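Data first, discussion second: the structure below is written as structure tokens.
Each ligand, and each atom within it, is numbered from 1 in the order the structure gives. Being a predicted model, the structure only gives us computed values, none of them experimental.
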Amino acid sequence: MKPNIKDLRTDELTKFLLERKHPAYRAKQIYQWLFQKRATSFSEMSNLSRALREELERYFSISRPRVLRRAESRDRTVKFLYGFADDVSVESVLIPERHRLTLCISTQAGCGLGCAFCATARLGLKRNLSASEIVDQVLEASRSLLPEERITHIVLMGMGEPLANYDHTLRALEIMTDGDWGVGISPRRVTLSTVGLVPQIEKLMAETHVNLAVSLHAATDELRNELMPVNRKYSLTQLIECCRRLPVPRRKRITFEYVLLRGVNDSEADARALVKLLKGIPCKVNVIPFNPHPGSSFQRPSDVDITRFQMVLHHAGVQINVRRPRGDDIQAACGQLNGEVGGPDARPARVLATAS
Ligand code: SAH
């Protein structure tokens, strides 16, 4: 199997070119073909010499994931199931809204963090995705769009913990956000969500300009330990201190996610504890009413309870947004991704296309 050229770093590709007496700027042209024009063969790369195209062909392959399934929700959310060479599969979710088109991508097949309420956690960690496998989700989803449509926002909120696959995620972010040779989506329109791996958050904030979302889900260590085993490693105090330490322009953009679980973390006292915990941090809170999935015993709170929780934060001056479930009829909402479109127990979905 020839190495996938999309996984070559710029210095590696440049070295390959220089060793064969090609100018270094060819690397940029090759990346533009791969990431901007979404080339699937070297023969398309018409501004390269035939000799170079043949050499590239001899040494490298160009990856292209298989679209195993594509399902569209009644709210127009689309879920893709992509298969990679070793039969590992992951999901991406395309979410159309009035003025934006957001793609939610995965960074790992499965996940090893074990959050109690998450469907992906049940799979365990299968493996990290490579940088190209992360970026290929964007390239493939883009191919499915109408000519006038364009992905405007990327969220790393699909399967897996992006910061547990730090190096590949960072390279994928570089490819997705570079305007010169990469996909060209501004880092201000990219949001990475993490369970709260403190050292990696600090590194990410120093090395990129993407937005940070932190999955909080509880305002006390006792409850967070139960819901998110990672809390035993990085406690709430460490996590919140890390967020406070971030330079102000970065801190302003922190989003805290809070999955609302009936009878577990949805009381007025929980809301007040959350207000207290976040005091002084310029941030916004994204409340995600629990999205049920087969085999989970957690429940979504009633609308009255959701509103009550929301009001406590609102009256305390915290910017809060309650996330509507998108694509929940096709198990595409937050925390429902399990590497299968539908699942044996899912409600019937309209499956638009199935690749052979
Ligand atoms: N591993 C990262 C990326 C996943 S993002 C992280 O944990 O942040 C997906 C978001 O959905 C996270 O905030 C996650 O905790 C939340 N989530 C997981 N399962 C959910 C469910 N069943 N209902 C609602 N939100 C859920």
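Heavy-atom proximity to M157, at under 4.0 Å, picks out these atoms of ligand 1: 4 (C), 5 (S), 9 (C). Listed by atom number, the atoms of ligand 1 under 4.0 Å from F290 heavy atoms are 21 (C), 22 (N), 23 (N). Those atoms of ligand 1 with a heavy atom of V259 less than 4.0 angstrom away are 23 (N), 24 (C), 25 (N). Listed by number with element, the atoms of ligand 1 under 4.0 Å from a non-hydrogen atom of C118 are 18 (C), 19 (N). Residue contact check: V195 has heavy atoms under 4.0 Å from atoms 6 (C), 7 (O), 8 (O) of ligand 1. When each atom of ligand 1 is checked for a heavy atom of G160 under 4.0 Å away, the hits are 1 (N), 2 (C), 3 (C). The I288 neighbourhood of ligand 1 comprises atoms 24 (C), 25 (N), with distances under 4.0 Å to a heavy atom of that residue.
Listed by chain and number, the residues in a ring pair (Phe, Tyr, Trp, His ring centres under 6.0 Å) with F256 amount to none (sequence neighbours excluded).
Taking 4.5 Å as the limit, some side-chain heavy atom of L129 sits within range of a side-chain heavy atom of F84. In this structure the side chain of L101 reaches within 4.5 angstrom of the side chain of L145, judged on heavy atoms.
Checking side-chain atoms of R100 against main-chain N and O of H153 turns up no donor-acceptor pair under 3.5 Å.
Salt-bridge check for E241 with R244: failed, with every basic side-chain N at 4.0 Å or more from each acidic carboxylate O. A salt bridge links E19 to K15: one of the charged nitrogens lies within less than 4.0 Å of a carboxylate oxygen.
In this structure, the protein non-hydrogen atom closest to atom 13 (O) of ligand 1 is S215 OG, 2.7 Å. Closest protein heavy atom to atom 10 (C) of ligand 1: E257 OE2, 4.0 Å. Counting protein heavy atoms only, atom 4 (C) of ligand 1 is closest to G158 O, 3.7 Å. For atom 19 (N) of ligand 1, the closest heavy atom belonging to the protein is G335 CA, 3.0 Å. When hydrogens are left out, the protein atom nearest atom 22 (N) of ligand 1 is N291 O, 2.9 Å; that is the closest non-hydrogen contact. For atom 26 (C) of ligand 1, the closest non-hydrogen atom of the protein is C334 O, 3.7 Å.
Of the candidates I154, I151, L103, I154 is the only one forming a side chain to side chain contact (heavy atoms under 4.5 Å, CB included) with M176.
With a 4.0 Å heavy-atom cut-off, ligand 1 is reached by the backbone of E161 and by its side chain too. Residue T194 touches ligand 1 through its backbone alone, judged by heavy-atom distances below 4.0 Å.
The distance criterion of under 3.5 Å between nitrogen or oxygen atoms is not met by P162 with respect to ligand 1.
Residue-ligand proximity: H217 is placed with a non-hydrogen atom under 4.0 Å from ligand 1.
Sequence neighbours left out, the pairs with a member in residues 293-320 that pass salt bridge (Lys or Arg N to Asp or Glu O under 4.0 Å) are D305-R308.
Atom CZ of R143 sits in a crowded spot, with more than 12 heavy atoms from other residues, nucleotides or ligands closer than 6.0 Å. Other residues, nucleotides and ligands place more than 12 heavy atoms under 6.0 Å from the CZ atom of R127. No more than 12 heavy atoms of other residues, nucleotides or ligands shown are found within 6.0 angstrom of NZ on K279.
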